[in-house]
Amino acid sequence: MINIRHTGLVTKDINKSLFFWTKLIGFKVKSDQIESGKILDKVLGYKNVRVRVIKALDQKSNGMLELLYFLNAPKQKKCKLNTYSYGFTHISLTVKNLKLLHKILKKNKVKFNSSPALSKDKKVIMTYCKTPEGAFLELVEEKK
């Protein structure tokens, strides 16, 4: 392996997701395009895929988040994700001022599992919140 390329999040409300990830969290949009074609059909496993793909970068390491809004996805049942579900459950971001970010996110009706808390080893303050896509986001502030 060389590195982690990106994290992909499928959304049912692209405007809400874009606001959350760029305006509230601070990612910067690198590209925004509609993708389709036979290769994409084959890779994603259904015909006539049309997906809006927004690639956004974090401010420090250029870690990439890929927001995916399928314009014609097959119907599916809603999948409930819990912090203890099997498989990938969350993204973790290091932030500068968790107390302030928590306040801003709460004001924007973001749901949290708890207020920010000091870890047992006292090295970080952390909390979990729900993203507009229904995934979990762990926010961590490193103690100095």
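Atom CD1 of I39 is surrounded by 12 or fewer heavy atoms from other residues, nucleotides or ligands within 6.0 Å.
Between L105 and L139, some side-chain heavy-atom pair lies under the 4.5 Å cut-off. Using a 4.5 Å heavy-atom threshold, the side chains of K111 and C129 count as separate. Using a 4.5 Å heavy-atom threshold, the side chains of L65 and D58 count as separate. Side-chain contact between V29 and F27: absent, with no pair of heavy atoms (C-beta onward) separated by less than 4.5 Å. At a threshold of 4.5 Å between non-hydrogen side-chain atoms, the residues V140 and S92 count as touching. N108 has its side chain within reach of L24: a pair of non-hydrogen atoms, C-beta onward, lies under 4.5 Å apart. With contacts defined as side-chain heavy-atom distances shorter than 4.5 Å, the pair T83/H90 does not qualify.
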field: side-chain contact (heavy atoms from CB on, under 4.5 Å) evaluation trace for N113 with T127
entry: CA-CA 7 Å; N113 288 354; T127 189; 5.7 Å; no
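Checked against ring-ring contact (aromatic ring centres under 6.0 Å, His included), H6 has no partners two or more places apart in sequence or in another chain. Y46 is linked by a ring-ring contact (aromatic ring centres under 6.0 Å, His included) to nothing, counting only residues two or more places apart in sequence or in another chain.
Between the side chains of S31 and Q33, not a single donor N or O lies within less than 3.5 Å of an accepting N or O. Of the N and O atoms on the side chains of E141 and T94, not one donor lies less than 3.5 Å from an acceptor on the other residue. Residues T11 and D13 bring no donor and acceptor atom of their side chains to less than 3.5 Å of each other.
By the criterion of side-chain heavy atoms lying less than 4.5 angstrom apart, applied directly or through intervening Ile, Leu, Val, Met, Phe, Trp or Tyr residues, V10 is not grouped with W21; the two fall into different hydrophobic clusters.
Put simply, CD1 on I4 and CE on M64 are 13.0 Å apart, with the number rounded to the nearest 0.5 Å. To the nearest 0.5 Å, atom CD1 of residue I54 and atom CD1 of residue I14 are 3.5 Å apart.
For L81 against K130, the heavy-atom pair with the smallest separation is O-NZ, 3.5 Å.
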